[in-house]
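Model, not experiment: these values are computed from the prediction.
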Amino acid sequence: MNITSTKKLANGVEMPRLGLGVWKAKDDEEVINAVKWAIETGYKSIDTAAIYKNESGVGIGLKESGVKREEIFVTTKVWNDEQGYDTTLAAFDESLKKLQLDYVDLYLIHWPVAGSYKETWRALENLYKAGRAKAIGVCNFHEHHLRDLMADAEIMPMVNQIELHPLLNQLPLRHFCQEHGIAVEAWSPLGQGNLLSDERLVAMGQKYGKTPAQLIIRWDLEHDIITIPKSVTESRIKENAEVFDFELTAEDKKAIDELHTGERFGTNPNEFDKKRMF
């Protein structure tokens with residue numbers, strides 16, 4: 001496994017296992033530089049969203065990096081207020097315009113807005129059939145949301161991007177997704193930074209000469225979880241990719257598994273307000 005390693009989605013598309021998340025990155029030199037540093041480091045995946053308000057900067061970063069379009073996997077998402085069939089198609093067009101792209105590699109429903117996500121999914125199926133999104137999926141869907149969506153879907157979701165970190169390992173949902181060929185992707189894999197000073201991870205990391213962030217990212221990868229740690233700092237972006245020169249022992253992997261408490265740093269998808277971000 002290395003920085004270019006991919007996971008084959010249900011439709012055969014190869015999705016990088018490690019990517020850069022850009023939530024909260026400002027739509028200026030901050031996100032432009034983050035994208036360029038990530039690509040220089042060897043990252044092959046960038047994850048943004050309409051609500052992040054930085055798709056334009058991501059697009060500039062991609063252009064200025066000089067990388068060939070087909071070598072980078074770009075993900076974006078439709079926001080809650082744009083859900084529905086026609087509004088989703090319009091939102092997708094706007095995202096493509098800002099990103100300066102002809103297609104995205106993955107388009108996701110950001111949250112399961114009740115009464116809307118099935119029509120939104122129908123729009124995603126349309127985009128997929130047209131080749132404008134190479135893969136489609138969802139974010140923040142619990143098992144009951146997935147079952148409801150899949151009951152009427154023509155095309156099954158290929159990815160479920162969820163809050164996932166050692167304190168919230170999402171094991172039952174991961175098992176459900178695995179059974180149905182849905183790849184699991186972790187957002188806020190570092191617990192929005194709250195896990196970086198965890199004494200247990202700090203002590204464990206000393207054995208490997210690694211940081212808690214590197215341990216967690218490695219833990220994700222070893223559990224077949226696609227992961228997109230966010231950073232706008234060049235040194236941290238590089239550090240987050242230095243996870244391919246060691247393996248967790250079975251004992252340490254189990255110890256990280258057992259940190260699970262069910263604690264969330266984001267909103268529970270059963271309780272979110274569609275106007276809120278997280």
- [ ] Run the numbers on His260 and Leu167 for side-chain contact (heavy atoms from CB on, under 4.5 Å), then give the verdict.
- [x] CA-CA 4 Å; His260 173 79; Leu167 298 185; over 6 Å; no
Open item on the list: Pair Asn126, Tyr85 - check side-chain contact (heavy atoms from CB on, under 4.5 Å), show working.
Closed with: CA-CA 10 Å; Asn126 175 305; Tyr85 186 79; 2.9 Å; yes
Task: Evaluation steps, side-chain contact (heavy atoms from CB on, under 4.5 Å), between Leu201 and Ile256 - done: CA-CA 8 Å; Leu201 293 171; Ile256 298 176; 4.1 Å; yes
Open item on the list: Before you tell me yes or no, could you show the steps for Leu164 and Arg174 under side-chain contact (heavy atoms from CB on, under 4.5 Å), namely the whole-Å CA-CA distance, both residues' side-chain angles and the distance that decides it to 0.1 Å?
Closed with: CA-CA 10 Å; Leu164 196 162; Arg174 282 161 51 197; 3.7 Å; yes
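Among Asp224, Thr227, Thr6, the single residue meeting the side-chain contact (heavy atoms from CB on, under 4.5 Å) criterion with Arg17 is Asp224. Of the listed residues (Glu14, Arg69, Met15, Lys44), just one forms a side-chain contact (heavy atoms from CB on, under 4.5 Å) with Asp105, and that residue is Arg69.
Note on Ile228: it does not cluster hydrophobically with Val232, by side-chain heavy-atom contacts below 4.5 Å among ILVMFWY residues. When hydrophobic clusters are built by joining Ile, Leu, Val, Met, Phe, Trp and Tyr residues whose side-chain heavy atoms come closer than 4.5 Å, directly or via intermediates, Phe141 is grouped together with Met150. The same ILVMFWY cluster, assembled from side-chain heavy atoms under 4.5 Å apart, contains both Val31 and Val67. Both Met158 and Val104 are assigned to one and the same hydrophobic cluster, defined by single-linkage of ILVMFWY side chains at heavy-atom distances under 4.5 Å. In terms of hydrophobic clustering, with Ile, Leu, Val, Met, Phe, Trp and Tyr side chains grouped at heavy-atom distances under 4.5 Å, Leu127 and Tyr117 are assigned to a common cluster.
In this structure the side chain of Leu99 never reaches within 4.5 angstrom of the side chain of Ser56, judged on heavy atoms. With contacts defined as side-chain heavy-atom distances shorter than 4.5 Å, the pair Val138/Trp111 does not qualify. Considering only heavy atoms from C-beta on, Lys24 stays 4.5 Å or farther from Val22 through its side chain. For the pair Pro229 and Ile217, the minimum side-chain heavy-atom distance is below 4.5 Å. Side-chain contact between Glu55 and Ser95 is present, with heavy atoms from C-beta onward closer than 4.5 Å. Leu221 has its side chain within reach of Met1: a pair of non-hydrogen atoms, C-beta onward, lies under 4.5 Å apart. Using a 4.5 Å heavy-atom cutoff, the side chains of Leu62 and Val58 are in contact. Two residues are said to be in side-chain contact when any heavy atoms from C-beta on lie closer than 4.5 Å; Phe244 and Ile3 meet this criterion.
Residues passing the side chain to side chain donor-acceptor pair (under 3.5 Å) test with Glu222, sequence neighbours excluded: Arg218. Remark: Asp102 pairs with no residue by the side chain to side chain donor-acceptor pair (under 3.5 Å) rule, at least two apart or across chains.
Note that CZ of Phe92 and OG1 of Thr88 are 11.0 Å apart. Values are rounded to the nearest 0.5 Å. Of the inter-residue distances, the one linking Gln170 atom CD with Phe176 atom CZ reads 13.0 Å to the nearest 0.5 angstrom. Taking CG from Asn240 and OG1 from Thr41, the interatomic distance works out to 10.0 Å, rounded to the nearest 0.5 Å. Note that CD1 of Ile51 and CG of Asp81 are 7.5 Å apart. Values are rounded to the nearest 0.5 Å.
Between Asn160 and Cys177, the closest heavy-atom pair is ND2-SG, 4.0 Å. The minimum heavy-atom distance linking Ser231 with Ile237 is given by the pair O-CD1, 3.6 Å.
Taking the six-membered ring where the residue is Trp, the centroids of Tyr107 and Tyr128 are separated by 6.0 Å or more.
A donor-acceptor pair shorter than 3.5 Å cannot be found between the side chains of Glu82 and Thr87. Side chains of Glu40 and Ser65: a donor-acceptor N/O pair is absent below 3.5 angstrom, by distance only. Side-chain contact annotation: His144 with Asn270, donor-acceptor N/O pair under 3.5 Å present. When only modelled atom types and interatomic distance are considered, Asn54 and Thr48 share a side-chain donor-acceptor pair under 3.5 Å. Remark: the Asn169 side chain and the His223 side chain contain no N/O donor-acceptor pair separated by less than 3.5 Å. Residues Trp187 and Asp47 have side chains that never bring a donor and an acceptor to within less than 3.5 angstrom of each other.
Counting only distance, with no hydrogens or angles, the side chain of Thr261 and the backbone of Glu263 share a donor-acceptor pair below 3.5 Å. The backbone N or O of Thr211 sits less than 3.5 Å from a side-chain atom of Gln214, completing a donor-acceptor pair. Using a distance-only test at 3.5 Å, with no hydrogens or angles considered, a donor-acceptor pair links the side chain of Glu163 to the main chain of Phe265. The backbone N or O of Leu190 sits nowhere less than 3.5 Å from a side-chain atom of Ser188 that would complete a donor-acceptor pair.
When the shell of 6.0 Å around CD of Glu199 is examined, it contains 12 or fewer heavy atoms from other residues, nucleotides or ligands. Atom NZ of Lys253 sits in a crowded spot, with more than 12 heavy atoms from other residues, nucleotides or ligands closer than 6.0 Å. Taking a 6.0 Å sphere around CZ of Arg236, one finds it holds 12 or fewer heavy atoms contributed by other residues, nucleotides or ligands. Within 6.0 Å of CD in Glu71 there are more than 12 heavy atoms belonging to other residues, nucleotides or ligands. Residue Lys97 qualifies as open at atom NZ: its count of foreign heavy atoms under 6.0 Å is 12 or below.
Between Arg200 and Asp198 there is a salt bridge, since a side-chain N of the basic residue sits under 4.0 Å from a carboxylate O of the acidic one. Between Lys238 and Glu242 there is no salt bridge, since none of the side-chain N atoms of the basic residue sits less than 4.0 Å from a carboxylate O of the acidic one. Between Glu64 and Lys36 there is a salt bridge, since at least one side-chain N of the basic residue sits less than 4.0 Å from a carboxylate O of the acidic one.
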Please output the side-chain donor-acceptor pairs of residues 118-125 that fall under 3.5 Å, not counting sequence neighbours, one pair per line with the distance.
| unit_1 | atom_1 | unit_2 | atom_2 | d |
| --- | --- | --- | --- | --- |
| Lys118 | NZ | Asp148 | O | 3.3 |
| Lys118 | NZ | Asp148 | OD1 | 3.2 |
| Lys118 | NZ | Asp152 | OD2 | 2.4 |
| Glu119 | OE1 | Arg122 | NE | 3.4 |
| Glu119 | OE1 | Arg122 | NH2 | 2.8 |
| Glu119 | OE2 | Arg122 | NE | 3.3 |
| Thr120 | OG1 | Gln83 | OE1 | 3.2 |
| Thr120 | OG1 | Gly84 | N | 2.8 |
| Thr120 | OG1 | Ser116 | O | 2.9 |
| Trp121 | NE1 | Glu125 | OE2 | 3.2 |
| Trp121 | NE1 | Ile155 | O | 2.9 |
| Glu125 | OE2 | Glu154 | N | 2.7 |
| Glu125 | OE2 | Ile155 | N | 2.8 |

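Within the structure, ring-ring contact (aromatic ring centres under 6.0 Å, His included) contacts touching residues 57-78 (residues at least two apart or in different chains) do not occur. For residues 177-186, the side chain to side chain donor-acceptor pair (under 3.5 Å) pairs, not counting sequence neighbours, are Gln161-Glu185. Residue pairs meeting the salt bridge (Lys or Arg N to Asp or Glu O under 4.0 Å) criterion with at least one partner in residues 134-143, sequence neighbours excluded, are Glu143-Arg147.
Ring geometry for Tyr208 against Phe246 counts as tilted: the plane angle lies between 30° and 60°, on a 0 to 90° scale.
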